[in-house]
Protein chains: 2
Amino acid sequence: MSLYAVDLSSGIPLYRQISQAIEEEVRKHYKPGAQLSPEPVLAERFSVNRHTLRHAIDELVNSGLVERRRGLGVFVLDGPHNYGIHKHTRFTKSLEAAGNTTESVVLRKLIIPAGGGVARRLELGEGAEVLWVETLRKANERPFSVVSHFMPAELVGQVFAEYEGGSLHDFIADRLGIELERQYSLISTRLPQGDDATLLAIPRHQPILRIKSVNANSVTRRPVEYALGRLRGDRVELEVKL
Amino acid sequence: MSLYAVDLSSGIPLYRQISQAIEEEVRKHYKPGAQLSPEPVLAERFSVNRHTLRHAIDELVNSGLVERRRGLGVFVLDGPHNYGIHKHTRFTKSLEAAGNTTESVVLRKLIIPAGGGVARRLELGEGAEVLWVETLRKANERPFSVVSHFMPAELVGQVFAEYEGGSLHDFIADRLGIELERQYSLISTRLPQGDDATLLAIPRHQPILRIKSVNANSVTRRPVEYALGRLRGDRVELEVKL
DNA sequence: GACAAGGGGACGTCTAGATGAGCTTGTATG
DNA sequence: CATACAAGCTCATCTAGACGTCCCCTTGTC
């Protein structure tokens, strides 16, 4: 393979040259879940001290490419999930299509009066009753997104008492006979608020992607669901096709 | 003040005890912009090696509490709360508008060999010459995006010597007679890397939106430009209409 | 067959010392 | 007075060595 020509005289720190070399190698030849060579071996290979090599790997850990497991080794993480935004995209579908196991857990299921933002987006009067469902989704056993769904209570009625996870849009289609269609999405980024960092198992300084979207009845065009999703920024990438 | 009772036997790593002690002290007694004691002094005070102390400060840097300035010292950053509230900066820009709204400054204009990612997206061989133009865009005198544009050097030729800002797509249309068409965009979020935090005038712990997009000749469908934009997360919100 | 002990591999933490590089400041010099 | 340079402070990087802790798997015993 290469000569691992890391060179101090170039002005670029060794650990950075090494982290870039490893990153490239990983992206080219490693699959998610694969294990890197042990630190002492890599240190030997690049002819640097183990501390320097650890510094290099620290960078990769920090950028979300690999993960350390004490006592076991360093492992390649899944790349960011490419979640396309289209008229009919569904979370679960696009993930499963990508060959990932999915799981969704209902964290909250409550009826509350609609606040200003929710009411406006659902075209309801302020204070109208809405069902608030908060779900945590995982892919390959790892938390991935937290989504707050708001739906007019009168529309979804009592049916949602039975919702326990899985594709929400499928549930709506099955039980209510309503096909949903995405109208628009707003994408922004923030540091995690509230419990989101804990739920998503990320440090508080790692940014999340926020997606606000409104889904409407594809026939009547009336809004049915307003969703505010918070996605792990290190594992999600949004694709917008035009 | 305290006795700095860091203790190895407690099972908690020294560097973590120290970072927590410093964090508490900073939050209580330091204002944004204040400077921490030099590393050797702190190391002495906690009776640890300077490496261990640096590890502790690394944690604080990583969490966005403080910032290192080489040759100067370690300084306390503003808390993130100071950045959240904006009254009329509520500009919801579409991707297109964000790309074209300008008062733009050219930061760099170089011909470089294409790296792997750039080469792949422009459908060139690795190492082929590409023109790298980096622009900083402002709105209301405030910076809001940094964009790296990559274009095949043979295509854009010498023409770009005259490019000094303004709409890049207009420039390409005028000078080269090429109409561009966006193929797709990938949206992700990161903390700012390199000089981006400085250029955008944000603290290093404030997330940015990254947009990778490829623009192609609308006739031949050959890729002409690969753009990697970094937008201030507190000023920009992307709207995706469908 | 079940369980416990032990070995070895891998990451985690800490110490010690040396050198490099960026920034500011003060002083010497033209 | 202004410029140039040197000193000194600060963080940045690298090396070397030593243990500690966690985890898995094998081995041995009951």
Side-chain angles (χ1 to χ4, degrees), chain A residues 4-22 26 30 33-77 141 203, chain B residues 4-22 26 30 33-77 193-195 197-198 204:
Chain A
Y4 306 116
V6 291
D7 175 14
L8 218 159
S9 68
S10 71
I12 301 167
L14 288 177
Y15 71 84
R16 190 166 301 275
Q17 296 178 49
I18 293 171
S19 70
Q20 285 175 357
I22 295 178
V26 164
Y30 287 60
Q35 182 174 6
L36 265 60
S37 307
E39 293 174 352
V41 173
L42 288 174
E44 169 76 17
R45 203 165 80 175
F46 287 103
S47 305
V48 296
N49 190 277
R50 185 173 154 231
H51 286 303
T52 303
L53 183 104
R54 274 180 66 78
H55 196 164
I57 290 187
D58 282 345
E59 301 258 297
L60 300 181
V61 169
N62 216 279
S63 76
L65 183 71
V66 300
E67 174 191 56
R68 292 197 140 101
R69 291 186 214 150
R70 184 174 185 164
L72 293 178
V74 178
F75 298 84
V76 179
L77 287 173
E141 317 274 309
Chain B
Y4 306 116
V6 291
D7 175 14
L8 217 159
S9 68
S10 71
I12 301 167
L14 286 178
Y15 73 84
R16 189 166 300 275
Q17 296 179 49
I18 293 171
S19 70
Q20 285 174 359
I22 295 178
V26 164
Y30 286 59
Q35 182 175 7
L36 265 60
S37 306
E39 292 175 350
V41 174
L42 288 173
E44 168 76 16
R45 201 164 83 177
F46 287 103
S47 305
V48 296
N49 190 278
R50 183 169 157 239
H51 286 302
T52 303
L53 183 105
R54 272 180 69 77
H55 196 165
I57 291 186
D58 282 345
E59 301 259 298
L60 300 180
V61 169
N62 217 281
S63 77
L65 183 70
V66 300
E67 175 190 52
R68 293 195 139 101
R69 291 187 215 151
R70 186 176 184 160
L72 293 177
V74 178
F75 298 84
V76 179
L77 287 172
Q193 310 282 315
D195 293 336
T198 311
R204 298 204 74 88

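To find a chain, count down the sequence lines: A is the first, B the second, and so on, and within it residues start at 1. This one's a predicted model, so the numbers in the text were calculated from it and none came from an experiment.
If you check dC11(D), dC11(C), dC14(D) against the side chain of Pro40(B), the one that comes closest is dC11(D). Closest contact between the side chain of Asn49(A) and the listed nucleotides dA16(D), dT13(C), dC11(D) involves dA16(D). Side chain of Leu72(A), nearest nucleotide from dG12(C), dC23(D), dC14(D): dC23(D).
Atom NE2 of His55(A) is separated from atom CG of Asp58(B) by 7.0 Å, given to the nearest 0.5 angstrom. Separation of atoms CG (Asn49(B)) and CG (Leu14(B)) is listed at 10.5 Å; rounding is to 0.5 Å. To the nearest 0.5 Å, atoms CG (Leu36(A)) and CD1 (Ile57(A)) are separated by 6.0 Å. Atom CG of residue Leu60(A) and atom CD of residue Gln20(A) lie 9.5 Å apart, to the nearest 0.5 angstrom.
No donor-acceptor distance shorter than 3.5 angstrom exists from the side chain of Glu39(A) to the backbone of Arg54(A), with no hydrogens or angles considered. With hydrogens and angles ignored, the 3.5 Å screen pairs no side-chain donor or acceptor of Glu59(B) with any backbone N or O of Tyr15(B).
When the C1' atom of dC23(C) is taken as reference, atom CD of Gln35(B) falls 12 Å away, rounded to whole Å. Following rounding to the nearest Å, Arg70(A) (CZ) and dC19(D) (C1') show an atom-to-atom distance of 12 Å. dC24(D) atom C1' lies 11 Å from atom CZ of Phe75(A), rounded to whole Å. To the nearest angstrom, P of dA12(D) lies 19 Å from CD1 of Ile18(A). In this entry the distance linking CZ of Phe46(A) with C1' of dT13(D) reads 17 Å, nearest Å. Atom CD in Glu39(B) sits about 21 Å away from atom P in dG8(D), given to the nearest Å. When the P atom of dG12(C) is taken as reference, atom CD of Glu67(A) falls 11 Å away, rounded to whole Å.
Here the shortest heavy-atom pairing between Ser19(B) and Ala56(B) reads CB-O, 3.4 Å. Across every non-hydrogen atom of Leu42(A) and Leu53(A), the tightest pair is CB-CD1, 3.4 Å.
In this structure, the helix from dG1(C)-dC30(D) to dG30(C)-dC1(D) shows an angle of 0° between the axis at its start and the axis at its end, each fitted on 5 base pairs and rounded to 10°.
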Under the criterion side-chain contact (heavy atoms from CB on, under 4.5 Å), I'd like the reasoning laid out for Ile22(B) against Leu65(B): C-alpha separation, chi angles, the key distance, then a yes or no. CA-CA 10 Å; Ile22(B) 295 178; Leu65(B) 183 70; 5.9 Å; no
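Judged by distance alone, with hydrogens and angles left aside, His51(A) brings no side-chain donor or acceptor close enough to the base of dG12(C) to form a pair under 3.5 Å. Judged by distance alone, with hydrogens and angles left aside, Arg16(B) brings no side-chain donor or acceptor close enough to the base of dG12(C) to form a pair under 3.5 Å. A donor-acceptor contact under 3.5 Å links the side chain of Arg50(B) to the base of dA12(D).
Taking a 4.0 Å limit (strictly below) on heavy-atom distances, residues 52-60 of chain B reaches DNA chain C at Thr52(B).
Under 4.0 angstrom from either OP1 or OP2 of dA12(D) there lies at least one side-chain N or O belonging to Arg68(B). At the phosphate of dC14(D), neither OP1 nor OP2 sits under 4.0 Å from any side-chain N or O atom of Tyr15(A).
Within 6.0 Å of CD on Gln35(B) lie more than 12 heavy atoms contributed by other residues, nucleotides or ligands.
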